[in-house]
Amino acid sequence: MTHPIDKHVGTRIRQGRWIRGTTQQDLGDAVGCKFQQIQKYETGANRVSASRLWDIADALEVPITYFFEGKAQSEPPLSRFPDRGSAELLRIWTSLKDRQKQALLSLAKSMTDMDE
């Protein structure tokens with residue numbers, strides 16, 4: 001049976017990987033394991049050792065505390081990034097220049113007005 005903390009840590013690994021546009025294969029190569037092991041970590045099927053979690057944090061360029069953020073909250077861990085598309089949009093957003101961000105924001109706002 002999967003422990004809720006293992007599931008949460010796995011979800012945060014997946015989110016961090018998506019935000020950086022990294023594949024499971026790339027992350028596995030960076031930390032010295034196969035992509036199947038990353039899959040098992042992400043689903044919570046396998047627990048991540050402390051040393052492996054340290055390596056994953058280093059590869060994703062996040063503090064070790066990143067994997068535990070949001071656990072004390074009652075919201076589901078994926079509420080900030082409900083799907084891969086949301087994480088990809090955030091990754092793209094952070095790479096845009098201010099002018100491009102304003103244009104994209106205007107487009108998004110105009111699209112929400114289309115429903116009315």
Side-chain angles (χ1 to χ4, degrees):
M1 187 166 172
T2 303
H3 192 282
I5 295 294
D6 297 326
K7 182 78 172 149
H8 182 79
V9 168
T11 298
R12 297 293 287 168
I13 292 171
R14 180 181 295 117
Q15 288 174 349
R17 186 175 58 75
W18 284 352
I19 289 169
R20 279 148 193 82
T22 302
T23 66
Q24 291 175 335
Q25 181 69 51
D26 292 340
L27 183 57
D29 290 345
V31 300
C33 69
K34 302 222 180 267
F35 79 92
Q36 293 96 332
Q37 187 62 44
I38 299 297
Q39 285 176 331
K40 291 176 182 181
Y41 291 153
E42 289 183 356
T43 61
N46 283 9
R47 290 184 170 174
V48 186
S49 70
S51 58
R52 180 61 50 87
L53 192 60
W54 184 269
D55 292 341
I56 291 171
D58 187 50
L60 296 177
E61 298 177 351
V62 296
I64 199 78
T65 56
Y66 166 84
F67 302 107
F68 302 98
E69 290 173 0
K71 186 53 192 156
Q73 300 169 358
S74 59
E75 66 182 46
L78 282 176
S79 64
R80 284 187 262 173
F81 304 108
D83 55 37
R84 186 179 188 145
S86 298
E88 187 173 0
L89 279 173
L90 178 61
R91 182 176 54 82
I92 292 168
W93 176 266
T94 59
S95 69
L96 295 176
K97 296 177 180 163
D98 287 340
R99 189 169 163 209
Q100 293 170 317
K101 287 179 181 179
Q102 289 305 317
L104 184 57
L105 190 56
S106 294
L107 173 64
K109 286 179 180 178
S110 70
M111 291 174 73
T112 59
D113 293 340
M114 295 169 75
D115 292 337
E116 295 176 356

Side-chain heavy atoms under 4.5 angstrom apart, residues restricted to Ile, Leu, Val, Met, Phe, Trp, Tyr: same cluster for [X] and [Y]?
X     : Y      : result
Leu89 : Leu104 : no
Trp18 : Phe35  : no
Leu27 : Trp54  : yes
Trp93 : Leu107 : yes

Does the [X] side chain pair with the main chain of [Y], one donor and one acceptor, at a distance under 3.5 Å?
X     : Y     : answer
Tyr66 : Arg12 : yes
Arg17 : Ile13 : no
His3  : Gly44 : no

**OP:** Kindly indicate, with the supporting measurements, whether the criterion side chain to side chain donor-acceptor pair (under 3.5 Å) is fulfilled by Gln24 and Gln36.
**Re:** CA-CA 8 Å; Gln24 291 175 335; Gln36 293 96 332; over 6 Å; no
Subject >> Inter-residue atom distance Leu96.CG - Gln102.CD, 0.5 Å rounding >> reply: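 One gets 11.0 Å once the value is rounded to the nearest 0.5 Å.
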Original post:
Under the side-chain contact (heavy atoms from CB on, under 4.5 Å) criterion, do Thr11 and Gln15 qualify, and how do the steps go?
Top reply: CA-CA 6 Å; Thr11 298; Gln15 288 174 349; 3.8 Å; yes
**OP:** State whether the number of non-hydrogen atoms from other residues, nucleotides or ligands found under 6.0 Å of Arg52 atom CZ is greater than 12.
**Re:**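 Yes, because the 6.0 Å sphere around CZ of Arg52 holds more than 12 heavy atoms from other groups.
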**OP:** Please say whether more than 12 non-hydrogen atoms of neighbouring residues, nucleotides or ligands are located less than 6.0 Å from NZ in Lys101.
**Re:** yes
